[in-house]
Asker: 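Questions regarding the structure given below will be posed in turn.
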Amino acid sequence: MTTRGSREGRTFTRGILFGILCAASAAAQTPGLPPLVQPPTADHRVGKVIWADLVTPDLEGAKRFYGGLFGWTFRDATAGDKEFAVALLAGQPVAGLVQRSVPSGEHKQPAWLTFIAVKDTGEADRVAVAHGGKVLSPPRDYPERGRQAILADPQGAVFAVLQSGSGDPPDVLPPNGGWIWSSLITTDPNTGAAFYQALFGYEVFALPSDDGREHLLLAADGYARATANSPAVTAPNVNSHWLNFVRVAGAADACKKAVALGGRVLVQPHPDRHGEMVAVVADPLGAPFGLLEWSDARTTEVAP
Amino acid sequence: MKTLRQRWPLFLLGVLALAAVAFSPLTGCVASGGAYVGDGEYYYDAPGYVVYDGWGPTYRVGPPRDDHDHHDARHDDHHDDHHDDGHQGHPAYRPAPASRAVPSIPTQSHPPPRAPGKD
């Protein structure tokens, strides 16, 4: 009995070892989301935009476009029948690209999803709901990345909150090709600013405006984090949304490149309040994003 | 061969046990139901929202530079300690004190040291 028992034990152990090999192989083929900060820190910067995910029905096309435009490289991953890729800038994770098919017969707009830092995703959900927001996807944990949820503000703008498990990225000027700015285009900046202030504790500054529109600056930790802006035109089909900007050396050149890669220019390059150029483009599937020049030396600004 | 045939259920049990643990969401591997891209997790925006007509030099959404785009000079004439948002009534948000300069984005290439307890 003893001999038979020990043989069975060895067989079970071999099975365990074989299982480990299989699992390790599978895990190597399906890497998860990378941590935001390596090595991990305990620093949290509530209200800072710390990540962006593109939701698109054409992952390969998106990789060609953004790789060609910004020099991003990609690390593929899979999840069941869905796919995603982590975009890298100089080897550092900069964005996620998520493959999601558009159901036949539906017309949907691919878009970038903005992730904003929180210390407690569950608490953020509660505050959002208490101030007129909606929870579109409840908090979920992702190994290495942290805990995230997808919300909508009272005007319907969709965004995500992320409680990073590795701390939030430091406050530095990103290199060209990195996210530098975010703007909320909203039908009600006043109410929108109150919502985001309740959620992230923003300081809110009214910015000078000579276009008759409302522009509010949202700041945290002594840094500008975003603006909340009335739409440039009053139209019934303007939905509130977040728009993220990538730092570029030249907005005009980047626009030409975007067009050559199959994108469209939605807003031609023009000077913004910091004295350099901004533009808005759409990728080949229509997802909009901004381009923003920010040179280190320039100090001039546009006359108000 | 006989021994292997007799013990394959144990071998299979070991493989299944490890596979179940390895593919659990708790371990970090992706699996249906605990995957990064779950059904209903991501939302496409509604069509028709890409309306950027009217953007131009007078419509500015970007960040100010330090000391170059302070808040509206109208506020300097106010005797209260808050910014005026341009509304006729009180704004829905709490305006930053008028004494506060409008901040800019981080411009340093390396992170500055953070104050203790600033986590």
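Proteins get letters first, then strands, A, B, ... in listed order; numbering begins at 1 in each.
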Asker: Measure the spacing between CG of N229(A) and CH2 of W55(B) and express it to the nearest 0.5 Å.
Answerer: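 With rounding to 0.5 Å, CG (N229(A)) is 7.0 Å from CH2 (W55(B)).
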
Asker: In terms of heavy-atom proximity below 4.5 Å to chain B, should V278(A) be classed as side chain, backbone, both, or neither?
Answerer: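 No part of it gets close to chain B.
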
Asker: Kindly compute the distance separating NE2 (H270(A)) from CZ (R60(B)), expressed to the nearest 0.5 Å.
Answerer: 9.0 Å

Asker: Answer yes or no: is there a donor N or O on one side and an acceptor on the other, between the side chain of W181(A) and the main chain of I105(B), under 3.5 Å?
Answerer: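 Answer holds: no.
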
Asker: Counting only non-hydrogen atoms closer than 4.5 Å, does L184(A) touch chain B with its backbone (N, CA, C, O), its side chain (CB onward), both, or neither?
Answerer: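 Neither part, no heavy atoms under 4.5 Å.
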
Asker: Do any N or O atoms from the side chain of T227(A) and from the backbone of V61(B) form a donor-acceptor pair under 3.5 angstrom?
Answerer: yes

Asker: Please flag which part of F245(A) lies under 4.5 Å from any non-hydrogen atom of chain B: side chain, backbone, both or neither.
Answerer: side chain

Asker: May I ask you to name which of S109(B), P103(B), G54(B) has the most heavy-atom pairs under 4.5 Å with chain A?
Answerer: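 Max contact count across the listed options: P103(B).
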
Asker: Do the ring centers of Y52(B) and H241(A) come within less than 6.0 Å of each other?
Answerer: yes

Asker: Considering non-hydrogen atoms only, spot the tightest contact between S104(B) and W294(A) and give its length.
Answerer: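 Answer, listing the atom of S104(B) first, then W294(A): OG-CH2, 3.6 Å.
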
Asker: Is a side-chain N or O of Q108(B) found less than 3.5 angstrom from the main chain of D171(A), in a donor-acceptor match?
Answerer: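 Confirmed, Q108(B) side chain pairs with D171(A) backbone.
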
Asker: Considering non-hydrogen atoms only, spot the tightest contact between R65(B) and S295(A) and give its length.
Answerer: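 Minimum heavy-atom separation between R65(B) and S295(A): NH2-O, 2.9 Å.
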
Asker: Do side-chain atoms of R273(A) reach the backbone of G62(B) as a donor and acceptor pair under 3.5 angstrom?
Answerer: yes

Asker: Among L217(A), T191(A), D168(A), L292(A), which residue has the highest count of heavy-atom pairs closer than 4.5 Å to chain B?
Answerer: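 Between L217(A), T191(A), D168(A), L292(A), the count favours L217(A).
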
Asker: Heavy-atom distance under 4.5 Å to chain B: side chain of S230(A), backbone, both or neither?
Answerer: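 Interface part for S230(A): backbone (N, CA, C, O).
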
Asker: Between N190(A) and A92(B), is there a donor-acceptor pair closer than 3.5 Å when you use the side chain of the first and the backbone of the second?
Answerer: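 Yes, because the side chain of N190(A) sits within donor-acceptor range (under 3.5 Å) of the backbone of A92(B).
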
Asker: Is the side chain of D272(A) donor-acceptor paired with the backbone N or O of P63(B) at a distance under 3.5 Å, no angle test?
Answerer: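 No; judged by distance alone, with no hydrogens or angles, the pair does not exist.
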
Asker: Which residue out of G212(A), A228(A), P138(A), P231(A) racks up the most heavy-atom pairs below 4.5 Å with chain B?
Answerer: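 Winner by heavy-atom pair count: P231(A).
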
